[in-house]
Trainee: 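One structure is given below, represented as structure tokens, and several questions about it will come after.
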Amino acid sequence: MDYQFKEIEQKWQKYWAENGTFKTSTDQTKPKYYVLDMFPYPSGAGLHVGHPLGYIASDIFSRYKRLKGFNVLHPMGYDSFGLPAEQYAIQTGQHPAITTETNIATYRRQLDQIGFSFDWSREVRTSEPGYYKWTQWVFMQLFNSWYNLETDRAEDLTTLIEKFNAGGSAEVKAVCDEDINTFLPSDWATFSEEEKQEELLKYRLTYLKESTVNWCPALGTVLANDEVKDGFSERGGYPVEQKKMMQWSMRISAYAERLLQGLNTIDWPEPVKEMQRNWIGKSIGASVKFEIELTQKSEFSTQNYIEVFTTRVDTIFGVSFIVLAPEHELVPALTTEAQKQTVEQYIAQTKKKSELDRMADTKTVSGAFTGSYVVNPVNGERVPIWIADYVLAGYGTGAVMGVPSGDQRDWLFATHFNLPIIQILDAQKEMATEADATKEGKYVNSGFINGLTYKEATAFLNNWLEEQGVGKAKVNYRMRDAIFGRQRYWGEPIPVYFKNGLPYLIKEEELPLVLPEIDKYLPTESGEPPLGRATNWKHGEGVYELSTMPGWAGSSWYWYRYMDSQNKDEFASKEAIAYWKDVDLYIGGSEHATGHLLYSRFWNKFLKDLGHVTEEEPFKKLINQGMIQGRSNFVYRVVDEEGRGTNTLVSYGLQKNYKTTALHVDVNIVEHEILNIDQFKKFRPEFAEAEFILENGKYICGVEVEKMSKSKFNVVNPDVLIDNYGADTLRMYEMFLGPLEQSKPWNTNGIEGVFKFLRKFWRLFHNEEWQFNVNDSIPTKAELKALHKIIKKVQDDVERFSFNTSVSSFMIAVNELTDLKCKNRQILEDLVVVLSPYAPHICEELWSLLGHTNLSITPYPTFNPAYLEENEFAYPISVNGKMKMNLNLSLSLDESQVKAAVLANEQLQGYLEGKELKKIIFVKGKIVNIVV
RNA sequence: GCUCGGAUGGUGGAACUGGUAGACACGCAGGACUUAAAAUCCUGUGCCCUCAACAGGCGUGCGGGUUCGAUUCCCGCUCCGAGUACCA
């Protein structure tokens, strides 16, 4: 029989499932290799052709590694908490768990028919209580921990309390809230239980705090910074506003430096690392306190200075003004009676501007003078205090020192408001049109640092400021703590209850805290989160937390659960973690660069600090597969004089002769841009009687690359392709499409080529009557050469994730062996093994026809370079990089023999015409060029 | 604005450390088989000049450079894509 892909694929998928072929266990005799895909959120739309791209690549790699003798962990699961299921529940009343279950079933069916080698016995679902029990458990560990700067790691809260008992707050160097109290051990002892809890909350790695949050009214929840894009929610695109709320946060800022340093130790794409570096946003500089001028001092009870953060402390003699963010807490007190109206007007004006306006409008200079002054600590100069919205409340201290000569924004501000511009470096150019931020030259107009260079001045000033107690060198990070609560239903309950307004953890034995049933998935009438509707959502006297965890909670540790997914006593056993350690290869989209991938690194480092895991970084190597875009097809409807659509459609090439409107047409009824008119009439019944203006007898459609979406009729469903060509063809074609990491539009046009290849491959093993036919002859040189070329090529390609080029090489190899009429068993066996990661079903079938079993763990054939060696060559040689001629030369000749042979060559002699032969250029023992 | 990535035939793309640019596939054209179609196979296919062959010229976004030799390295630009954005 010819290649019957359906039969073969069903047969082997069933076989793999029944025999547990890809079930993995810890095997100390083999080296481990952990290949992980970013697990999907099971959306209702099912998989489109873009989703499996990364899974296919990771599957090829996993299968290849198994052949290479590794014990491969390659699991799959679902990130099954999330907004869409909940939005659907709000609309229909159907429980999100049911929606999720249905969607997962679809995903599973679609994944299964592609023939992945996942170990499904390890499947995880983040919305299962058996799983989220451990997400809650991690939360509890974070709640019970603090970050000790002296040991530079997280520690259990008991060590903090010990320090409080021993030396009071002075003993402690921690990453904590700013408003901590200072107290002696004796004070601590007198604190009430409530007071102690309140103080400890400021140190916990997950803590409750009043903070400004991104509030999305349409979704009725807060969002993390990475879930907001340009002032709109990432999911749904609803407007987001700033709001002050009591919120759970994760003290990820404690790990800023380690998260930054860790990037140097992992093999990730540079753009992702760069994004994380920017997100962490480390800047090295100094904080400086500017004392507020005496006249206003009386108004300040707690603070009589303004603290600024600068990366250019060396420019401090050039300060001609101070700018505060309009929201800065000292603004009301600093504003003088005379300036009150101006300032209040300005604040009102900036408040009106939305986040978006403020971002778009970076050119207009605006600001207001408060009427107050500070004193520059280095020279005693009076410096006016302004407010302006180019200073952000959320970064640094919300205040900057204005140095117009060295900073372009300060320059614009100074120019606009006529403030002095002071030259500070002798090498600075004229500052008539812009600031000069270069650090060259020696300082001038700069008091005691005159004559120093940038490096000297910075070091000197940092010291000086610290000695005077008015400043110090400081490192600032842009990364904020991550908001950890969502006012939604479909997420992990936070294992906390409240007593006297303070949070307490439930006991570990009480885990999991199971999500309660509620009547409606909406906030309560009083505006509480949906969990407020649950009856008896109480812990003894206390009420449980009503927020749930954000979407990223469950995905921040899931790779550990795969190591031991059924464990009821631990999130994973010590033995499993010691064996599997970390993820060797992680494949997924780059859209998670500053979300999931950062939070996962954070939790991993935390778990390491507590000794629960062994590695500092969770994902050794990361690959971002490119996005598959949609490729839309269009038909062109002719529009009449009045602009109404007619019943006539004109082919793409002729449309410029008419007035037309473009209409999306289902890509599945277009092949090579030629419209299938019969199917089109069914697709759009209103065009059943339409007239078609054709070119060369065909209707040609227009093409555009857009996002894949139902409304654009450009979604290609893998099910259809598998039905027509089989999973092996789909797998190879997805790889053939182009480099894995490159984004590209999907185009089904070339799939025939891959299908033809698989059929040819099948035929290598059969005679004309479709009988299985291989022989035991001795392989010829040519056959061995073809085989070893492909062994080497695939090995090299897979190791560098260049899967597209191997597909081409397979085609060449099969063409060569077909031409050689190769039926040799030895050759074909090795070929099957080499191809099997790419096209596992057909290879399993042929492997069994060859009389073998256990293809998935058969050793990868050993490459023997001897088969590729050649002795005689006829190859072109250029002279002076120009002319080309063929010389038959033996590669075994040494250099002088080659020279003699070249000189003796008649053709060359004619060309040389007595000119001297200067140089012969060899590459890999071959002459490539002769210089005369 | 900044950072990163990219630009190669009609199309997707190949060329791994500079060494025959365009592999492989699609498409197109022609042919074989067939009553016909499908399937399969064969041939051609970067552009220009040429009836054609031979030969030649031009060719990897643009302009320079290094080199015996550049798609590859360096400098300067143009365009496209992604991320980020008043971060002091």
Side-chain angles (χ1 to χ4, degrees), chain A residues 2 229-230 269-275 277-279 281-283 285 308-313 315 323 325 358-365 388-392 394-403 406-410 412-413 476-479 590-591 593-594 624 626-627 629 631 671-674 703 705 733 736-739 741-754 756-757 759-760 763 793 796-797 799-800 802 804-812 815 818 875-882 884 886 918-924 926-932:
Chain A
D2 199 355
K229 294 265 178 310
D230 301 328
E270 205 44 54
V272 176
K273 288 198 199 180
E274 199 56 32
M275 273 192 257
R277 282 191 197 106
N278 289 337
W279 190 262
K282 180 179 185 175
S283 53
V308 305
F309 177 74
T310 176
T311 52
R312 288 293 304 275
V313 70
T315 65
V323 192
R358 203 164 151 172
M359 282 194 289
D361 181 23
T362 59
K363 289 195 183 74
T364 30
V365 178
D389 64 1
Y390 82 88
V391 176
L392 305 173
Y395 183 75
T397 59
V400 303
M401 57 184 213
V403 184
D407 183 282
Q408 184 58 18
R409 288 156 309 168
D410 295 346
L412 284 169
F413 195 80
N476 200 40
Y477 298 93
R478 181 156 60 121
M479 185 169 64
S590 60
E591 65 273 17
T594 51
N624 292 130
M627 276 245 285
Q629 294 135 304
R631 190 173 181 280
E671 203 172 335
H672 294 299
E673 323 322 340
I674 299 163
V703 183
V705 174
Y733 184 59
F736 182 66
L737 216 49
E741 304 194 45
Q742 188 177 304
S743 287
K744 57 231 155 193
W746 178 265
N747 186 350
T748 309
N749 287 345
I751 199 167
E752 292 277 350
V754 173
K756 270 189 224 166
F757 155 75
R759 235 169 10 205
K760 264 189 196 169
R763 270 169 212 171
K793 182 78 164 88
D796 292 350
D797 284 349
E799 303 276 0
R800 63 188 174 107
S802 176
N804 56 328
T805 50
S806 339
V807 178
S808 294
S809 306
F810 280 124
M811 291 178 178
I812 296 168
N815 281 339
T818 304
Y875 57 89
I877 293 166
S878 57
V879 178
N880 287 347
K882 270 280 193 187
K884 294 190 176 101
N886 285 329
K918 284 193 193 131
K919 204 160 53 160
I920 300 175
I921 315 282
F922 291 84
V923 173
K924 292 174 194 160
K926 260 164 86 174
I927 310 174
V928 293
N929 194 18
I930 294 165
V931 186
V932 296

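We name chains A, B, ... by the order of the sequence lines, and we start the count at 1 in each one. Side-chain atoms are counted along with the backbone in the values below, which use heavy atoms only and exclude waters and symmetry mates.
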Trainee: What is the distance, to the nearest angstrom, from the CD atom on A:Q629 to the C1' atom on B:G12?
Mentor: 13 Å
Trainee: Rounded to whole angstrom, note down the P distance from B:U40 over to B:U78.
Mentor: 50 Å
Trainee: Give the minimum heavy-atom separation between A:M275 and A:T594, together with the two atoms involved.
Mentor: O-CG2, 3.8 Å
Trainee: Checking A:W279 now: which residues fulfil side-chain hydrogen bond (donor to acceptor under 3.5 Å, both in side chains) with it, not counting sequence neighbours?
Mentor: none
Trainee: Would you say A:Y390 places a side-chain N or O within less than 4.0 Å of OP1 or OP2 belonging to B:A88?
Mentor: no
Trainee: Please report the distance separating the C1' of B:U8 from the corresponding atom of B:A21, rounded so that it comes out in whole Å.
Mentor: 8 Å
Trainee: Roughly how far apart are A:N747 CG and A:H672 NE2, rounded to 0.5 Å?
Mentor: 8.0 Å
Trainee: Any chance CD of A:E671 has more than 12 other-residue heavy atoms, nucleotides or ligands included, within less than 6.0 Å?
Mentor: no
Trainee: Tabulated below should be each protein N or O lying under 3.5 Å from an N or O of nucleotides 24-30 of chain B; please produce it.
Mentor:
unit_1	atom_1	unit_2	atom_2	d
B:C26	OP1	A:K756	NZ	3.1
B:G27	OP1	A:H672	NE2	3.3

Trainee: Within the pair A:R312 and B:A88, is there a side-chain N or O less than 4.0 Å away from OP1 or OP2?
Mentor: no
Trainee: Which heavy-atom pair separates A:A325 from A:L392 by the least distance, and what is that distance?
Mentor: CB-C, 3.9 Å
Trainee: Name all residues meeting the side-chain hydrogen bond (donor to acceptor under 3.5 Å, both in side chains) criterion together with A:E673; count only those two or more places apart in sequence or in a different chain, and write none if there are none.
Mentor: A:R631, A:N633
Trainee: Looking only at non-hydrogen atoms, find the nearest pair between A:D410 and A:M401 and report the distance.
Mentor: OD2-O, 3.5 Å
Trainee: Between B:G13 and B:A52, how far apart are the two C1' atoms, rounded to whole Å?
Mentor: 33 Å
Trainee: Separation of A:L392 atom CG from B:C86 atom P, in whole Å?
Mentor: 6 Å
Trainee: Using a heavy-atom cut-off of under 4.0 Å over every strand shown, decide if A:D410 touches base, sugar-phosphate, or nothing.
Mentor: nothing
Trainee: Could you go through nucleotides 3-11 of chain B and list every protein N or O atom that sits under 3.5 Å from one of its N or O atoms, giving the distance for each pair?
Mentor:
none

Trainee: For B:G19 versus B:U67, give the span between their C1' atoms, rounded off to a whole number of Å.
Mentor: 12 Å
Trainee: Measure from CE on A:M275 to P on B:A85 and round the result to the nearest Å.
Mentor: 12 Å
Trainee: Should B:G9 be called syn or anti, with syn set as within 90° of 0?
Mentor: syn
Trainee: On RNA chain B, compare the nucleotides closest to A:P745 and A:R409; which residue's is nearer the 5' end?
Mentor: A:P745
Trainee: A:T315: what forms a side-chain hydrogen bond (donor to acceptor under 3.5 Å, both in side chains) with it, not counting sequence neighbours?
Mentor: none
Trainee: Could you tell me the separation between the CE atom of A:M627 and the P atom of B:A82, rounded to a whole number of Å?
Mentor: 9 Å
Trainee: Please state the P separation for the pair B:G81 and B:G12 - nearest whole angstrom.
Mentor: 16 Å
Trainee: Under the salt bridge (Lys or Arg N to Asp or Glu O under 4.0 Å) test, which residues partner A:K760, sequence neighbours left out?
Mentor: none
Trainee: Can you check the A:Y477 OH to B:A88 C1' distance for me, whole Å?
Mentor: 17 Å
Trainee: For atom C1', what is the distance between B:C26 and B:G65, given to the nearest Å?
Mentor: 39 Å
Trainee: Classify A:P739 by what it touches in the nucleic acid, base, sugar-phosphate, or nothing, heavy-atom distance under 4.0 Å.
Mentor: sugar-phosphate
Trainee: With respect to the side chain of A:V391, which nucleotide from B:G83, B:A88, B:U40 is positioned closest?
Mentor: B:A88
Trainee: Roughly how many Å is it from CG in A:D797 to C1' in B:C16, rounded to a whole number?
Mentor: 9 Å
Trainee: Starting from C1' on B:C86, measure out to CZ on A:R478 and report it in whole angstrom.
Mentor: 12 Å
Trainee: Taking B:C48 as the reference, what is the distance to B:U11 when you measure between their P atoms (whole Å, please)?
Mentor: 14 Å
Trainee: Below 4.0 angstrom from OP1 or OP2 of B:A88, is there any side-chain N or O of A:S283?
Mentor: yes
Trainee: Can you list everything that forms a salt bridge (Lys or Arg N to Asp or Glu O under 4.0 Å) with A:D407? Sequence neighbours excluded, please.
Mentor: A:R409
Trainee: Work out how far the P atom of B:A23 is from that of B:C16, and round it to whole angstrom.
Mentor: 15 Å
Trainee: For A:K744, enumerate each residue passing the salt bridge (Lys or Arg N to Asp or Glu O under 4.0 Å) test, keeping only those at least two apart in sequence or located in another chain.
Mentor: none
Trainee: Dot-bracket notation for RNA chain B is requested: 5' to 3', Watson-Crick or G-U wobble pairs only, both distances under 3.5 Å, with ( ), [ ], | and . as defined.
Mentor: (((((((..(((......[....)))((((((.......))))))(((.......)))..(((((..]....))))))))))))....
Trainee: Restricting to ring pair (Phe, Tyr, Trp, His ring centres under 6.0 Å), what partner residues turn up for A:Y733, sequence neighbours left out?
Mentor: A:W746
Trainee: Which listed nucleotide (B:U40, B:G13, B:A88) is nearest to the side chain of A:K744?
Mentor: B:G13
Trainee: In whole angstroms, how far is the P atom of B:A85 from the OH atom of A:Y395?
Mentor: 13 Å
Trainee: Taking only residues two or more places apart in sequence or in another chain, which ones pass side-chain hydrogen bond (donor to acceptor under 3.5 Å, both in side chains) with A:T818?
Mentor: none
Trainee: List the residues meeting salt bridge (Lys or Arg N to Asp or Glu O under 4.0 Å) with A:R277, not counting sequence neighbours, and say none if there are none.
Mentor: A:E270, A:E274
Trainee: Where each residue is assigned the nucleotide of RNA chain B containing its nearest heavy atom, which of A:D2 and A:T805 is assigned the position nearer the 5′ end?
Mentor: A:T805
